[in-house]
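Values reported hereafter were calculated over all heavy atoms of this structure, with side chains retained and with hydrogens, waters and symmetry mates removed.
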Amino acid sequence: MSVVGLARANLIGGIWMIAAMAAFTVEDSFIKAAADSLPIAQILVMFGLGGAGVFALVAWATGQALYTRDVLSPPMRVRVVFEVLGRLFYVLALALTPLATTTVILQATPLVVVAGAALIFGERVGWRRWAAICIGLAGVLVTVRPWGDGVSALSLLAVVGMLGFAGRDLASRAAPAALTTAQLGLYGFLSVAAAGALFALWEQGGIVWPGLRPALCLAGATLAGVAAYGCLMRAMRTGEVAAVTPLRYTRLLFGTGAGVLIFGETLTAPMIWGASLIVVSGLFVFWRGGRAG
């Protein structure tokens, strides 16, 4: 590919990535709004089944099989476990803590993925990137402040969710290449429904018939989630990974903006400092990724 063609591909891929991050923020906002009147387990089940239904229709319309033997491969089984863990605790964090705080903590996911790739897959990570990863994780501690009040302690839910998403992403790298975006999306959303079913055993709450507002919120979250997933896949397959991945941090702007403007949240000094450490460290890690490590 020519230099001009590569630059154009990176520009288009970057636009897809920004669109994905905006759509993920819309999904988060709708889920947080729905949590005001619906049990968390019910939200997970309805959201998961809705997204799985959309991806099943996409797979059927494009002639893709809904099930192949690759679905039961060891990496996919590991992926399902981490998807359940990540989705469950992330939705709990959305329901119980400020959206801005949850979004900040989520930005550490790429750092954990790089560290995991080095430890599990043997990818080369030099001391500079290890130092940046440690600084970024320190930013998570600054944001969470586990030594602080109860609300800060609840932010540990987002940390567990972030670790679950990192494990899912690492498992996805080892998943069979024959699995398509629609197939991964189908089983990813089925994992969300499974997370809701498991949490229902602990929550022990009855089913609530959703009113118009929560029903619209769940429908909006489902459509936004499917759109976000599709945009993310297009971004990663259009531009260079090193060029489009740093734009994941635009989700920080969207998430904190939605928290302040929609939910009336306040950005605290520890949150701003923690976010700064995470983003700067993440950008450095991706920059060094194209160099010596």
Side-chain angles (χ1 to χ4, degrees), residues 1 9 12-13 16-17 19-21 23-24 27 44 47-90 106 109-125 161-198 222 225-245 248 285-286 289-290:
M1 183 181 295
I12 295 174
W16 280 116
M17 180 62 77
M21 297 304 104
F24 276 126
E27 172 196 324
L44 286 166
F47 174 68
L49 292 179
V54 173
F55 275 114
L57 287 175
V58 171
W60 175 78
T62 54
Q64 302 174 35
L66 296 182
Y67 172 79
T68 66
R69 296 178 62 181
D70 289 333
V71 170
L72 295 180
S73 63
M76 283 296 292
R77 280 180 275 179
V78 173
R79 185 180 189 272
V80 167
V81 172
F82 278 108
E83 183 82 64
V84 169
L85 182 70
R87 284 289 186 174
L88 173 57
F89 281 89
Y90 187 67
L106 186 66
T109 304
L111 295 173
V112 178
V113 170
V114 172
L119 297 174
I120 299 172
F121 300 120
E123 294 188 8
R124 182 182 178 187
V125 176
M162 178 268 292
L163 294 174
F165 287 146
R168 176 202 62 187
D169 291 349
L170 287 168
S172 296
R173 298 183 64 171
L179 290 171
T180 66
T181 298
Q183 290 168 335
L184 289 173
L186 167 62
Y187 289 97
F189 273 92
L190 285 177
S191 300
V192 177
L198 290 173
T222 301
V226 170
Y229 195 91
C231 289
L232 180 61
M233 294 299 101
R234 289 292 297 271
M236 299 304 292
R237 294 179 177 183
T238 301
E240 294 177 293
V241 173
V244 302
T245 299
R248 281 178 175 266
V285 165
F286 286 117

Non-hydrogen atoms of Gly50 and Thr222 that approach each other most closely: C-CG2, 3.5 Å
Less than 4.5 Å apart, any side-chain heavy atom of Leu232 and any of Phe24? yes
What residues, two or more places apart in sequence or in another chain, satisfy salt bridge (charged side-chain N to carboxylate O under 4.0 Å, His left out) together with Arg87? Glu27, Glu83
Closest non-hydrogen atom pair between Val226 and Gly51, with its separation: CG2-CA, 4.1 Å
Which atom of Gly225 lies closest to which atom of Phe189, heavy atoms considered: C-CZ, 4.1 Å
Please give me the minimum heavy-atom distance between Val244 and Ala235, naming the atom from each residue. CG2-O, 3.9 Å
Any chance you could measure Leu179, atom CG, to Asp70, atom CG, to the nearest 0.5 Å? 5.0 Å
Tyr67 and Leu72: CA distance, side-chain angles, deciding distance, side-chain contact (heavy atoms from CB on, under 4.5 Å) verdict: CA-CA 9 Å; Tyr67 172 79; Leu72 295 180; 3.2 Å; yes
Below 4.5 Å, heavy atoms only, C-beta onward: do Met21 and Cys231 meet side chain to side chain? no
Take Arg168 and Val81 through the side-chain contact (heavy atoms from CB on, under 4.5 Å) test and state the conclusion after the steps. CA-CA 8 Å; Arg168 176 202 62 187; Val81 172; over 6 Å; no
I need the minimum non-hydrogen distance between Val112 and Ala166, along with the two atoms involved. CG1-CB, 3.6 Å
Evaluate the criterion side-chain contact (heavy atoms from CB on, under 4.5 Å) for residue pair Leu198 and Leu88; output intermediate values, then yes/no. CA-CA 9 Å; Leu198 290 173; Leu88 173 57; 5.9 Å; no
Test side-chain contact (heavy atoms from CB on, under 4.5 Å) on Thr181 and Arg234; report intermediate values, then the result. CA-CA 9 Å; Thr181 298; Arg234 289 292 297 271; over 6 Å; no
So if I apply the side-chain hydrogen bond (donor to acceptor under 3.5 Å, both in side chains) rule between Arg79 and each of Ser73, Ser172, Ser191, which one comes out positive? Ser172
What about Phe55 and Tyr187, are their ring centers closer than 6.0 Å? no
Leu85 to Gly164 - nearest heavy-atom pair and separation: CD2-CA, 4.1 Å
For the backbone of Ala59 and the side chain of Gln183, can you confirm whether one donor and one acceptor N or O come within less than 3.5 Å of each other? no
At what distance, to the nearest 0.5 angstrom, does CG of Leu106 lie from CZ of Arg248? 9.0 Å
How long is the straight-line distance from CG of Asp169 back to CZ of Phe82, given to the nearest 0.5 Å? 11.0 Å
As an exercise, state the distance from CG of Leu49 to CG of Leu190, rounded to the nearest 0.5 Å. 7.0 Å
To the nearest 0.5 Å, atom CE of Met76 lies from atom OG1 of Thr68 at 8.0 Å
Kindly compute the distance separating CG (Leu163) from OG1 (Thr109), expressed to the nearest 0.5 Å. 8.0 Å
